[in-house]
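Each chain gets a letter, A, B and so on, in the order the sequences are listed, and its residues count up from 1.
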Amino acid sequence: MALPQRNSGTLVAMCGRYLRRSDKQRIAEVFLLGKLPESFALSPDYNVAPTTFQPVIRLNRDTGAREIVMMRWGLIPYLAKSATEFKGFSAINARAEGLEAKALWRVPFQRRRCLVPADGFYEWKRLTLRAKQPYAYQMRDGHPFAFAGLWDAWKDPADGEWLQTFAIVTTKANELAAEVHDRMPVILHPRDYDRWLERGETYEPPVDLLRPYEADAMRADTCNPAVGNVRNNGPEMLNNI
DNA sequence: CCAGACGTTGTT
DNA sequence: GTCTGG
DNA sequence: CCAGACGTTGTT
DNA sequence: GTCTGG
């Protein structure tokens with residue numbers, strides 16, 4: 001079986017947990033989505049983990065308008081032949097430095113970019129071999145923001161069902177995040193949302209947007225170690241303990 | 001030419 | 001699909 | 001990302 | 001130690 005060998009311990013990603021406190025209404029406002037259908041439900045999630053379905057924003061292929069779609073976090077490449085081939089393969093992050101060169105990422109980077117709405121992300125600082133402390137990174141002004149995302153669609157040969165999945169692009173850490181790690185997720189400025197979402201093929205991909213966010217606009221706080229367990233959720237995840 | 005891969009980052 | 005290695 | 005599990009056999 | 005599930 002030609003599957004990429006999952007080698008745990010080496011398959012650990014940078015941005016592996018985030019939070020989305022904003023409700024449907026707030027996200028619609030901030031990301032200029034217009035009125036969302038009544039049927040679209042969205043609850044706050046203070047412990048967003050890989051493999052779960054999360055809202056992302058992209059341009060509708062036909063109308064070109066922004067749309068919000070639920071996708072699975074953990075990109076399954078369109079070239080995957082079977083689900084089992086990529087079982088355990090969680091491409092939850094994509095290194096910005098390799099987006100144009102790597103076969104796996106080039107097409108998604110050219111044609112399938114998306115915004116991932118969030119209000120913060122978590123990083124774990126290793127204190128000793130066994131002890132670790134989670135930190136929550138948020139905007140100083142408390143505003144929601146968007147990770148730079150890439151998505152893909154994969155058709156399950158078993159049942160013909162389409163599965164849409166996404167990954168979060170990472171880059172070098174800014175001065176704030178560097179205290180815990182040397183990488184951080186790419187966060188986009190609202191003025192760049194349109195360029196990131198553009199899905200034509202006859203232009204230069206927006207590589208200039210793949211930069212660490214301004215550290216002085218962000219804050220990092222120690223938070224509740226309970227966030228480590230994905231079953232725990234709620235505002236208390238942010239309690240400074 | 002074909003076969004096979006294609007991804008990520010942390011730690012003392 | 002597309003690139004690398006042999 | 002972290003938490004939590006991690007095994008085996010016989011039979012017409 | 002290493003893998004799966006969320």
Report which part of the nucleic acid A/L99 touches: base, sugar-phosphate, or nothing (heavy-atom distance under 4.0 Å, all strands).
nothing

With sugar-phosphate meaning primed atoms plus P, OP1 and OP2, does A/A94 contact a base, only sugar-phosphate, or nothing at under 4.0 Å between heavy atoms?
sugar-phosphate

What integer distance in Å separates [X]:[atom1] from [N]:[atom2]?
{"X": "A/R183", "N": "B/dG7", "atom1": "CZ", "atom2": "P", "value": "14 Å"}
{"X": "A/F109", "N": "C/dT2", "atom1": "CZ", "atom2": "P", "value": "17 Å"}
{"X": "A/N47", "N": "D/dA3", "atom1": "CG", "atom2": "P", "value": "10 Å"}
{"X": "A/Q133", "N": "B/dT11", "atom1": "CD", "atom2": "C1'", "value": "17 Å"}
{"X": "A/W105", "N": "C/dG1", "atom1": "CH2", "atom2": "P", "value": "18 Å"}
{"X": "A/K155", "N": "C/dG1", "atom1": "NZ", "atom2": "C1'", "value": "17 Å"}
{"X": "A/F166", "N": "B/dG7", "atom1": "CZ", "atom2": "C1'", "value": "16 Å"}
{"X": "A/N93", "N": "B/dG7", "atom1": "CG", "atom2": "P", "value": "13 Å"}

Going by purine N1 to pyrimidine N3 plus the second Watson-Crick contact, or the G-U wobble pair, all under 3.5 Å, which nucleotide sits opposite C/dG6?
B/dC1

Checking base pairs now: Watson-Crick or wobble, both atom distances under 3.5 Å. What partners B/dG7?
none

For [X] and [Y], does a side-chain donor sit closer than 3.5 Å to a side-chain acceptor?
{"X": "A/T222", "Y": "A/N240", "result": "yes"}
{"X": "A/Q164", "Y": "A/R58", "result": "yes"}
{"X": "A/T165", "Y": "A/D152", "result": "no"}

Which class fits the ring pair A/F145 and A/F121: parallel under 30°, tilted 30 to 60°, perpendicular over 60°?
perpendicular

Are the aromatic rings of A/Y193 and A/F31 close, with centres under 6.0 Å apart?
yes

Check for me whether the distance between the ring centres of A/F147 and A/Y18 falls short of 6.0 Å.
yes

Using the [atom1] atom as the point on both nucleotides, what is the distance between [M] and [N], in whole Å?
{"N": "D/dG7", "M": "E/dC3", "atom1": "P", "result": "12 Å"}
{"N": "D/dC2", "M": "B/dG10", "atom1": "C1'", "result": "13 Å"}
{"N": "B/dC6", "M": "D/dA5", "atom1": "P", "result": "32 Å"}

Can you tell which of [options] lies closest to the side chain of [X]?
{"X": "A/R95", "options": "B/dT9, B/dG7, D/dA3", "result": "B/dT9"}
{"X": "A/L104", "options": "B/dG10, B/dT8, B/dG7", "result": "B/dG7"}
{"X": "A/H181", "options": "B/dG10, C/dG1, D/dA3", "result": "B/dG10"}
{"X": "A/R17", "options": "D/dC2, C/dG1, B/dG7", "result": "D/dC2"}

Taking OP1 and OP2 of B/dT9, is either one under 4.0 Å from a side-chain nitrogen or oxygen of A/T170?
yes

So, is A/K132 near the phosphate of D/dA3, with a side-chain N or O under 4.0 Å from OP1 or OP2?
yes

Would you list the protein and nucleotides 4-6 of chain C atom pairs, both N or O, that sit under 3.5 Å from each other?
none

If you compare all heavy atoms of A/P50 against all heavy atoms of A/G16, which two are closest, and at what distance to 0.1 Å?
CD-O, 3.2 Å

Test: A/K172 and A/D182 ion pair at under 4.0 Å
no

